[in-house]
Amino acid sequence: MANEVDMQTTNGTAQSQYDVDVAIIGAGPAGLTAGYLLSRQGYKVAIIEKDPHYVGGISRTVEHEGYRFDIGGHRFFSKSQQVVDLWNEILPDDFIQRPRMSRIYYEGKFYSYPLRAFEALGNLGILRSTACMASYVWSRFFPIKDVRSFEDWTSNQFGKKLYSIFFKTYTEKVWGMPCDEMSADWAAQRIKGLSLGAAVIDGLKRSLGLNKRPNNGMQTKTLLETFRYPRLGPGMMWDAARDRIVEAGSTVLMGHGLKQLASDSQGGWRMTATRADGGETVIRAAHAISSAPMRELAARMHPLPQTTLEASRLRYRDFLTVALKIRSEDLFPDNWIYIHDSKVRVGRIQNFRSWSPEMVPDDGVACVGLEYFCFEGDDLWASTDDALIELATKEMAILGLVRPEQVIGGAVVRQEKAYPVYDDEYAANVAAMRGELEQAYPTLHLVGRNGMHRYNNQDHAMMTAMLSVENIMAGSRVYDIWCVNEDAEYHEAGDEGDTKALPSRPGQRTISEDSQAALDSVRAVPERVKKDGRKAA
């Protein structure tokens with residue numbers, strides 16, 4: 001099908017029309033991966049993106065006065081060689097190798113992550129270390145018997161003292177709910193291998209001569225020592241993908257928000273997008289790919305799905321970064337540090353030069369990003385940029401990292417719907433909408449983090465798009481992109497290109513081990529404890 005553009009006028013406003021093979025909602029990693037692969041195969045695609053300037057979604061790189069900001073931090077690592085090969089194909093000459101370093105900051109001191117036991121002991125001091133050990137021993141003899149919550153499980157594993165120091169504050173900042181309301185199942189899944197509590201306890205045992213086994217009884221996972229990263233940030237990857245799509249004769253429409261996705265009653269789609277000038281763009285296509293939040297997609301479909309009510313109940317955690325330019329040499333060598341301190345609201349602080357020296361153009365200026373986790377519409381989200389820059393400057397001073405007079409400028413980047421919330425009814429709501437759409441609309445494909453309401457990594461989002469492209473080319477759903485191992489190990493453990501086997505699934509084409517390696521990168525998200533005390537489903 002050829003790509004045709006007609007200019008019409010409706011009520012004095014220009015209207016554009018495109019006829020393509022595939023219409024794609026969202027120019028994030030999933031949407032651009034699909035667009036790139038389809039264009040490479042000769043399909044004509046049109047991608048709409050509501051951001052007027054940036055592609056990449058949560059993986060974009062924002063530029064302000066020559067400084068570049070990564071939204072959340074994105075290490076380019078995948079166990080899927082297929083994903084790695086695609087990264088190299090799109091961006092062959094611009095990856096750099098960077099050292100991996102993250103630490104925990106608590107009460108003015110840094111703790112290595114993964115933790116070094118004696119360093120932690122020295123930082124905590126003998127009195128607090130002894131209190132932690134006593135609390136741990138108490139939890140061994142008098143554990144909480146009816147374990148329901150994250151707090152219960154973690155206190156049993158490490159003692160109340162260590163739980164309160166190294167788990168409670170940061171976890172509640174990120175997820176916006178009390179630890180005693182998060183399910184114990186999530187805690188057991190999330191806290192694996194080497195942990196801060198286990199390392200401190202191990203150090204105490206060693207200092208008392210109680211642990212004689214090789215490796216001190218610790219079964220740890222090896223984390224990456226280095227990682228690859230585009231020299232100008234992750235947005236460089238997705239800018240290149242966009243350019244390749246356009247060079248192939250397809251279209252990426254910036255500043256276009258989805259107004260309606262309507263079935264044409266013949267198996268195809270009529271997508272309408274609104275522009276900043278008030279005009280509309282109409283895209284007619286045989287297939288539609290959506291990386292839009294499921295809640296928003298349902299509300300904009302015509303006819304409305306029967307499961308629109310279920311979709312409307314899906315919730316999200318939002319996120320903002322306050323980037324500060326500081327007249328100083330680099331403040332710390334880490335890619336980021338985790339802030340386990342209840343005196344401040346910031347959850348994590350990135351050092352953009354540690355991601356890539358080219359992110360920060362001035363050698364005499366340090367540029368850091370303070371990350372705040374919030375809900376759209378709350379006091380943080382609703383604050384002005386100036387107020388947020390003032391808050392970030394104040395909190396850096398409280399933490400003892402910067403004097404206020406060193407801050408010479410700042411910028412704020414907001415990211416709505418950064419994390420899908422796994423409440424006690426999300427799974428049923430997602431399953432209901434997915435089931436209806438797959439049965440009624442075989443040419444509609446949901447991909448990516450928000451498109452599937454899955455807390456996944458960049459490579460997972462890409463793989464859902466890659467397999468959806470295979471389905472489009474085959475003319476049927478030969479691959480089930482929802483086949484995700486939700487108990488996947490930490491995505492940066494192991495070797496790049498490492499894979500896992502996938503059992504065959506009747507009625508569908510077996511996903512290769514390499515593809516499944518990327519699908520297994522989905523991360524654990526907390527679920528709430530039900531009010532009657534039973535764990536959320």
Counting N and O atoms only, with roles assigned by atom type, does the side chain of R317 sit under 3.5 Å from a partner on the main chain of V174, one being a donor and the other an acceptor? yes
Would you confirm whether E371, through its side chain, and Q350, through its main-chain N or O, come within 3.5 Å as a donor-acceptor pair? no
When you look at K325 and E65, which way does the salt bridge (Lys or Arg N to Asp or Glu O under 4.0 Å) test go after all the steps? CA-CA 11 Å; K325 293 182 290 184; E65 298 178 350; 2.4 Å; yes
With a distance cut-off below 6.0 Å to the six-membered ring centre and an angular limit of 45° from the axis, does K417 pair with Y316 as a cation-pi contact? yes
Examine the side chains of R523 and N456 and answer whether a donor and an acceptor come within less than 3.5 Å of each other. no
Check whether any side-chain heavy atom of R454 lies under 4.5 Å from a side-chain heavy atom of P420, and answer yes or no. no
Looking at side-chain heavy atoms only, is the closest gap between N335 and R353 below 4.5 Å? no
Report yes if some heavy atom in the side chain of L324 is under 4.5 Å from a heavy atom in the side chain of I389; otherwise report no. yes
Any donor and acceptor pair, going by atom type alone, linking the side chain of R231 with main-chain N or O of M236 inside 3.5 Å? no
Okay, side chain of S78, backbone of S80: is any donor-acceptor separation there less than 3.5 Å? yes
For residues T169 and D341, determine if any side-chain heavy atom of one lies less than 4.5 Å from a side-chain heavy atom of the other. no
Would you compute the distance between atom CG of L401 and atom OG of S328 and round it to the nearest 0.5 angstrom? 10.5 Å
If a pair satisfies side chain to side chain donor-acceptor pair (under 3.5 Å) and one of its residues is in residues 391-403, list it, with sequence neighbours excluded. Y372-E395, R403-E405
Say whether, by atom type as modelled, one donor and one acceptor occur between the side chain of D330 and the main chain of F332 under 3.5 angstrom. no
D378 side-chain N/O to F375 backbone N/O, donor-acceptor pair under 3.5 Å: yes
Does NZ or CZ of R228 come closer than 6.0 Å to the centre of the six-membered ring of F95, within 45° of the ring's axis? yes
Are any side-chain N or O atoms of S135 and backbone N or O atoms of K160, one a donor and one an acceptor, separated by less than 3.5 Å? yes
Report the relative orientation of the aromatic rings in F158 and F167; use parallel for angles under 30°, tilted for 30 to 60°, perpendicular for over 60°. parallel
Assess whether side chain to side chain contact (heavy atoms under 4.5 Å, CB included) is satisfied between I511 and L467, documenting all intermediate values. CA-CA 9 Å; I511 298 174; L467 293 176; 4.2 Å; yes
Sidechain-backbone polar pair: R60 side chain, G57 backbone, donor-acceptor under 3.5 Å: yes
Which of N450, V430, N429 passes side chain to side chain contact (heavy atoms under 4.5 Å, CB included) with M294? Answer is V430
Quick check on the 6.0 Å ring-centre criterion: do F69 and F352 meet it? yes
To the nearest 0.5 Å, tell me how far F166 CZ sits from T154 OG1. 14.0 Å
Could you work out, with ring-ring contact (aromatic ring centres under 6.0 Å, His included) as the rule, every residue matching Y67, not counting sequence neighbours? none
Rounded to the nearest 0.5 angstrom, the CG-OG distance for D180 and S149 is 6.0 Å
Quick check for you: to the nearest 0.5 Å, what is the distance between T321 atom OG1 and R348 atom CZ? 8.5 Å
Output, in order, the C-alpha distance, side-chain angles, deciding distance and verdict of side chain to side chain donor-acceptor pair (under 3.5 Å) for W87 and Q458. CA-CA 11 Å; W87 282 333; Q458 183 174 225; 5.0 Å; no
Quick one: do D480 and R434 satisfy salt bridge (Lys or Arg N to Asp or Glu O under 4.0 Å)? Show the steps, please. CA-CA 12 Å; D480 180 3; R434 171 198 171 190; 3.3 Å; yes
Within the side chain of Y54, is there an N or O that forms a donor-acceptor pair under 3.5 Å with the backbone of G235? no
Residues, nucleotides or ligands: over 12 heavy atoms within 6.0 Å of W138 CH2: no
Rounded to the nearest 0.5 Å, how far apart are CD of E107 and CG of L124? 8.5 Å
Take V62 and I71, measure what side chain to side chain contact (heavy atoms under 4.5 Å, CB included) needs, and give me the verdict at the end. CA-CA 8 Å; V62 174; I71 313 303; 4.0 Å; yes
Looking at D152 and K145, is there a salt bridge between them, counting it only when a charged N and a carboxylate O are closer than 4.0 Å? no
Mark yes when over 12 heavy atoms from residues, nucleotides or ligands other than E329 sit less than 6.0 Å from its CD; otherwise mark no. no
Test applied, side chain to side chain contact (heavy atoms under 4.5 Å, CB included); reference residue, E416; option that passes from D318, I58, L320: D318
Interatomic distance, L391 atom CG to D386 atom CG [nearest 0.5 angstrom]: 12.5 Å
On the ring face of Y229, is R98 found with NZ or CZ under 6.0 Å from the centre and within 45° of the axis? no
Considering residues, nucleotides and ligands other than E390, do more than 12 of their heavy atoms fall under 6.0 Å from its CD? no
Residues which pass salt bridge (Lys or Arg N to Asp or Glu O under 4.0 Å) with D334, listed by chain and number, not counting sequence neighbours: R103
Under the ring-ring contact (aromatic ring centres under 6.0 Å, His included) test against Y170, which residue among Y111, Y163, Y338, W175 passes? Y338
Kindly indicate whether the side chain of L91, heavy atoms from C-beta on, has any atom under 4.5 Å from the side chain of P230. yes
Begin from the C-alpha positions of T33 and T464 and carry the test side chain to side chain contact (heavy atoms under 4.5 Å, CB included) through to its verdict. CA-CA 9 Å; T33 296; T464 61; over 6 Å; no
Examine distances only and state if a side-chain atom of K109 and a backbone atom of N123 form a donor-acceptor pair shorter than 3.5 Å. yes
Test side chain to side chain contact (heavy atoms under 4.5 Å, CB included) on S515 and Q82 and set out the steps. CA-CA 7 Å; S515 298; Q82 190 175 354; 3.3 Å; yes
Is NZ or CZ of R75 both nearer than 6.0 Å to the six-membered ring centre of F227 and within 45° of the ring axis? yes
Quiz item: cation-pi between R148 and W186, 6.0 Å / 45°: no
